[in-house]
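Everything on this sheet refers to the single structure shown next.
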Amino acid sequence: MSWDSYVDNLLAQTQGAADKAGIIGLDGGAAWTGACGGKGIVLQGQEGATLANALKTGKSDALAAGGIWIEGVKYQFLRMEDEQLVLGKKKDHGAITAQKSKTAIVIAHTAEGQQQGNTNKGVAVIAEYLDSLGM
């Protein structure tokens, strides 16, 4: 199954607020989606594992101390909600939204100047859809 089509769907759900998106596994943070012609988030090194561990355990200590690293950029950790949603921001770089489903984490980057709330809604749509599939 190709997960790359989910990137286009997710970006469409954000009403133009997000410019990049991706899906990783909740268990270990392995990439499920690729570069998708520049629209996909491609995590580096331990970025996926760190994010996955925080969302899997519901503990944000590592993110609060070290930030949220996405594609080599450190975003300030803003908060974790209900042990399933993580939000981050970096001045002049935009924002990060990551929400877990049963087996995956849906991630999207909000372009600088756009509304992160629209990205949050789009990420939630995809995460909830994956939940409905038992994923």
Side-chain angles (χ1 to χ4, degrees):
M1 173 178 205
S2 174
W3 291 97
D4 288 355
S5 63
Y6 282 75
V7 169
D8 288 328
N9 191 341
L10 197 161
L11 293 176
Q13 295 288 339
T14 69
Q15 302 172 358
D19 57 359
K20 293 182 100 173
I23 301 174
I24 63 173
L26 182 60
D27 189 15
W32 288 16
T33 55
C36 303
K39 297 181 286 186
I41 289 175
V42 180
L43 300 180
Q44 303 172 9
Q46 293 297 307
E47 293 174 349
T50 302
L51 183 58
N53 184 57
L55 281 165
K56 187 170 186 175
T57 63
K59 297 180 180 173
S60 60
D61 299 351
L63 300 178
I68 303 169
W69 286 85
I70 303 289
E71 295 187 316
V73 176
K74 181 181 177 182
Y75 293 82
Q76 177 186 359
F77 171 76
L78 298 176
R79 67 183 176 275
M80 179 183 278
E81 295 181 3
D82 302 324
E83 298 182 354
Q84 68 176 10
L85 176 70
V86 168
L87 301 172
K89 173 107 177 90
K90 180 169 178 70
K91 184 175 170 65
D92 299 326
H93 281 84
I96 292 293
T97 302
Q99 183 172 333
K100 76 175 181 178
S101 66
K102 288 179 177 67
T103 62
I105 300 171
V106 180
I107 308 166
H109 176 265
T110 304
E112 183 65 27
Q114 296 293 323
Q115 295 296 318
Q116 188 173 16
N118 290 336
T119 300
N120 298 352
K121 289 175 190 173
V123 166
V125 166
I126 301 301
E128 290 166 9
Y129 175 71
L130 292 175
D131 264 337
S132 76
L133 297 176
M135 303 182 84

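Starting from 1, each residue takes its place in the sequence as its number.
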Open item on the list: Under 4.5 Å between side-chain heavy atoms, counting indirect links through other Ile/Leu/Val/Met/Phe/Trp/Tyr residues: same cluster for Ile96 and Val86 or not?
Closed with: yes

Open item on the list: If I compare all heavy atoms of Leu11 with all of Ala18, which pair ends up nearest, and what's the gap?
Closed with: CD2-O, 3.7 Å

- [ ] Say whether, by atom type as modelled, one donor and one acceptor occur between the side chain of Asp4 and the main chain of Gly34 under 3.5 angstrom.
- [x] yes

Task: Straight-line distance of Glu83 CD to Thr57 OG1, nearest 0.5 Å - done: 8.0 Å

TODO: To the nearest 0.5 angstrom, please state how far the CD atom of Gln46 sits from the CH2 atom of Trp69.
DONE: 13.5 Å

Open item on the list: Measuring from atom OH of Tyr75 to atom OG1 of Thr97, what distance do you get when rounded to the nearest 0.5 angstrom?
Closed with: 11.0 Å

Expected list for residues 19-30: side-chain donor-acceptor pairs under 3.5 angstrom, two or more places apart:
{"residue": "Asp19", "atom": "OD1", "partner": "His109", "partner atom": "ND1", "Å": "2.6"}
{"residue": "Lys20", "atom": "NZ", "partner": "Glu71", "partner atom": "OE1", "Å": "2.9"}
{"residue": "Lys20", "atom": "NZ", "partner": "Glu71", "partner atom": "OE2", "Å": "3.0"}
{"residue": "Asp27", "atom": "OD1", "partner": "Lys56", "partner atom": "NZ", "Å": "3.1"}

Open item on the list: Tell me whether Gln115 at atom CD has more than 12 heavy atoms from other residues, nucleotides or ligands lying less than 6.0 Å away.
Closed with: no

- [ ] Please check if Val73 and Val42 belong to a single hydrophobic cluster, counting links between Ile, Leu, Val, Met, Phe, Trp and Tyr side chain heavy atoms closer than 4.5 Å.
- [x] no

- [ ] Measure the spacing between NE2 of His93 and NZ of Lys74 and express it to the nearest 0.5 Å.
- [x] 13.5 Å

Task: Joint cluster assignment, Leu63 & Leu55, ILVMFWY side-chain distance < 4.5 Å - done: yes

TODO: Might you point out which heavy atoms bring Tyr6 and Ile126 nearest each other, and give the distance in Å?
DONE: CD2-CG2, 4.1 Å

- [ ] Measure the shortest side-chain to side-chain distance between Leu130 and Thr103 over non-hydrogen atoms and say whether it is less than 4.5 angstrom.
- [x] no

Task: Sole candidate of Lys90, Lys91, Lys89 that passes salt bridge (Lys or Arg N to Asp or Glu O under 4.0 Å) when paired with Glu112 - done: Lys89

Open item on the list: Measuring only between side-chain heavy atoms, which start at C-beta, is Leu10 closer than 4.5 Å to Val123?
Closed with: yes

Open item on the list: If I compare all heavy atoms of Ala98 with all of Ile105, which pair ends up nearest, and what's the gap?
Closed with: CB-CG2, 4.0 Å

Open item on the list: Please find the pair of heavy atoms, one from Gln44 and one from Glu47, that lie closest to each other, and give the distance.
Closed with: N-OE1, 2.8 Å

- [ ] Grab the two heavy atoms, one from Tyr129 and one from Ser132, that are nearest each other, plus how far apart they are.
- [x] O-OG, 2.6 Å

- [ ] Go through the structure and list residues passing salt bridge (charged side-chain N to carboxylate O under 4.0 Å, His left out) with Lys102, not counting sequence neighbours.
- [x] Asp131

Task: Interatomic spacing from OG1 in Thr119 to CD in Gln13 - rounded to 0.5 Å - done: 11.5 Å

TODO: Quick one: name the residues clustered hydrophobically with Leu78, using the 4.5 Å side-chain heavy-atom rule over I, L, V, M, F, W, Y, and just say none if it's on its own.
DONE: Leu85, Leu87

Open item on the list: Please give me the minimum heavy-atom distance between Met135 and Ser101, naming the atom from each residue.
Closed with: O-OG, 2.5 Å

- [ ] Flag the pair Ile107 / Leu51 as yes when at least one side-chain heavy-atom distance between them is below 4.5 Å, and no otherwise.
- [x] yes

- [ ] Check the hydrophobic clustering (I, L, V, M, F, W, Y; side-chain heavy atoms under 4.5 Å; chains of links allowed) and say if Ile68 and Leu43 are grouped together.
- [x] yes

